[in-house]
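Below is one structure, written out as structure tokens; comments come after it.
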Amino acid sequence: MMTGKRIGMESSLGIAEAVKLANADVVAAYPITPQTHIVERLAELVANGELDAAYIPVESEHSAMSACLGSAATGARTFTATAGQGLELMHEVLYVASSMRLPIVMAVANRALSSPLNVWGDHSDVMAVRDTGWIQMFAENGQQVFDLTLCAFRIAEDPEVLFPVMVHLDGFHLSHVVEPFYLMEQDVVDKFLPRFRFPLALDPDKPLTAGAFFPPGVYGEARRAQDDALRSVRPVISRTWREFEEISGRSYKPVETYRADDARVLLLTMGSFSETAMLAIDQLRERGQQVGLVRIRLWRPFPFTEFRQAVGNAETLVVLDRAISYGGPTGPVCAEVKAALYSEPKRPRIVSYVGGLGGRDILVSEFVEMIEKGTALAESGVEEELLTIGVRV
Amino acid sequence: MESFSVFVPKLVPKKDYFAPGHRACIGCAEALAVRQVTKALGRNVIVSNATGCMEVVSTPFPTTNWRMPWIHTLFENASAVASGIDSALKVLNKKGFINKRPKVVAMGGDGATLDIGLQSLSGAWERGQDFLYVCYDNEAYMNTGIQRSSATPFGASTTTSPAGKLGPGQTRPKKDLPAIAVAHNIPYVATACPSYPFDLMDKVKRAMAIPGPTYIQVLSPCPTGWRYPVDLSIRMGRLAVETGAFPLYEYENGKYKLSFDFPKLRPIRDYLAPQGRFRHLRDAEVDQIQENIIREWQKLKDKVEA
């Protein structure tokens, strides 16, 4: 059931459309490539009265996220967007947003980090904020960006959740690409995303102290409680996505697979490159090879159960990372995946590839190469900590 | 002041919004300033507090001294958080989701205000965000152990500007943040000191009544960091004002007004002598400080008379 008219639109504008339909109250943002089109469009919507929101044109990303803290703590539906260096400048503020359980929604147009300067896409920025306590999900195309942004508000504001949510979209490869969209009617969105009341809002009639300091005797308990809370939101996320499917016909899962049922070799990707990887899977399937694709949609909280189920029967798992953990074990996603599978009695051999850095494409032929070379390497029993794809060595 | 003391205390609200039992050092003038400021603010406010002495002494979980909605997040962002609160209140009222407009107040020490938080404060001023910012200025990073800030005056010895064989401690004059505030064309800027409580509370009320960004810098003598006996905090504030080291004035709608004028300033030596942070100063350096103060005082008088 795809409702409404199918239109072509840049993915960034699709996010702005979702924020408008969500009736956000406050947008605090600072321009940074490749996220700019999102906040430009939002500024335009506010200027034209199409979105009744306060737009705070802050002087830095640190202040963008800080203004979001104040706004969300006052009970306003709050949105921002950033990328790369901007996400890094926000870094310490991100921890506060999650620890104070503020339901902020942020789109991140994933971008490489300096130095050297590079404004194009990869996942270096995401991996650096992995442990900030936010719910994090990856979109692969424009429609998903729109859908996940709408769902993000609903998830963040759920009384059983109250965590901030990042929606990741690949810088340029997705943010700047014109994609087909089915938008939604306002009344449908209003029903799905009703007005929420933040239970801990700053209010002179109910004074509260938010952000007290925690001595050693209580700090550990607070941290443990926060982790428990974040782990417990997975059923709410799945429930929200099921409800969204009922009104949109589009389905989302924490871990999604493509032609993976009988696959002996699985490729693992996150983000927009997954669609290119699917073409590689199709090619290899045509040649009779039992290969499939696994995509992690929900990055935090990590969907351990779903992930183990998805890869449990494979012999080989080839993981693509779009970031480097300098001097560390494999790419960051691969290290997580290995940790998630270490205790499993039956687990695939794992090969780690890093590629697509700083906006470089990974071609279908290179995905094919990763799968074939990776499988051969795994079968040979040789373990290499890090292989690169498409990089001149 | 004597004539005020006869009748003014009756006008001061009995209700305290900064409860007793905080863990500030004995003789802390900053805690006293917070008490006076919050008395003047009344109950219909939301406070955004920067990291620093006041946050640490007043909120060790599960206790709090704040009888008003209060939020602390980080060191350098009290103004940005206050901006978010201000904008949220505006839009939530406009959309009819709430029906109250508490005044927003941001607070921080001199490090949080003049140094690490200056960018976010300047941004909020430039955007015209509607909140009062109160800087509790004790002239160094006292919370972390008396390190110099850009509010530390010339000649003060701190742990990161120690007086040594090669120099007199802090080698630069105090950053003039009120002047920087005025340069942002905000409607109201003032200096205050808890040694002059009625003046301080009047200024807070004045700032609260003015829409848009307002700024008050409160000199908060610190016996721990300035190294004077703990019973002299009120006297140190008075001496700072009477010597011209920290003149009290207001700036409103383009006009400066001295809150306390003196036909002749007291010698700066009276202010420096009781403080351990200035103990190492030689006569030549004291003379230099005296000259600077007279020059700055004259500049301020010129602005008042302009």
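Reminder, nothing fancy here: chain letters follow the sequence lines and each chain counts from 1.
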Nearest-0.5 Å distance that lies between atom OG1 in Thr209(A) and atom CH2 in Trp70(B):
6.5 Å

Rounded distance [0.5 Å steps], CZ in Arg77(A) versus CZ in Phe97(B):
8.0 Å

Flag if over 12 foreign heavy atoms under 6.0 Å of CZ, Arg197(A):
no

As an exercise: rank Asp52(A), Thr78(A), Asp205(A), Leu69(A) by heavy-atom pairs under 4.5 Å with chain B and give me the winner.
Asp52(A)

At their closest point, which heavy atom of Val58(A) faces which heavy atom of Arg127(B), and how far apart are they?
CA-NH1, 3.5 Å

Between Ala88(B) and Ala76(A), what is the shortest heavy-atom contact and its length?
CB-CB, 3.8 Å

Heavy-atom pairs under 4.5 Å with chain A, option from Lys95(B), Lys90(B), Gln129(B), Met68(B) with the top count
Lys95(B)

If you count heavy atoms of other groups shown closer than 6.0 angstrom to CZ of Arg35(B), is the number above 12?
no

Gap between atom CZ of Phe214(A) and atom OG1 of Thr59(B) - 0.5 Å precision:
9.0 Å

Ala53(A) versus chain B, heavy atoms under 4.5 Å apart: side chain, backbone, both or neither?
backbone

Distance-minimising heavy-atom pair for Ser66(A) and Ala80(B):
CB-CB, 3.5 Å

Validation row: Thr73(B), Val93(A) side chains within 4.5 angstrom (heavy atoms):
no

Are any non-hydrogen side-chain atoms of Asn77(B) and Met65(A) less than 4.5 angstrom apart?
no

Is Lys94(B) salt-bridged to Asp25(A), going by a charged N under 4.0 Å from an acidic O?
no

Smallest heavy-atom separation, Val56(B) atom then Phe213(A) atom, equals O-CE2, 3.0 Å

For Val81(B), is it the side chain, the backbone, both, or neither that has a heavy atom closer than 4.5 Å to a heavy atom of chain A?
both

Spacing of Ser83(B) atom OG and Ile56(A) atom CD1 [to the nearest 0.5 Å]:
6.0 Å

Answer with side chain, backbone, both or neither: which region of Ile71(B) has an atom nearer than 4.5 Å to a non-hydrogen atom of chain A?
both

Would you indicate whether the side-chain heavy atoms of Glu59(A) and Glu126(B) approach each other to under 4.5 Å?
no

Should we count CZ of Arg23(B) as having more than 12 external heavy atoms under 6.0 Å?
no

I need the residue from Pro57(A), Cys68(A), Ala73(A) with the largest number of non-hydrogen atom pairs under 4.5 Å to chain B.
Pro57(A)

A quick test of your reading: do over 12 heavy atoms of other residues, nucleotides or ligands sit less than 6.0 Å from CZ of Arg101(B)?
yes

Among Val26(A), Val96(A), Asp203(A), Val218(A), who wins on heavy-atom pairs under 4.5 Å with chain B?
Asp203(A)

Quick one: of Ser120(B), Gly123(B), Ser79(B), who has the most non-hydrogen atom pairs under 4.5 Å with chain A?
Ser120(B)

Knowing that exactly one of Val91(B), Asp86(B), Ile85(B) qualifies, which makes a side-chain contact (heavy atoms from CB on, under 4.5 Å) with Thr74(A)?
Ile85(B)

Determine whether a donor-acceptor pair (N or O, by modelled atom type, separation under 3.5 Å) exists between the side chain of His72(B) and the backbone of Ala212(A).
no

Step through the shown structure and confirm whether more than 12 heavy atoms of other residues, nucleotides or ligands are within 6.0 Å of CG on Asn99(B).
no

Nearest-0.5 Å distance, CD1 of residue Ile46(B) to CG of residue Leu202(A)
5.0 Å

Using a 3.5 Å distance criterion without hydrogens, assess whether the side chain of Arg43(B) forms a donor-acceptor pair with backbone atoms of Pro204(A).
yes

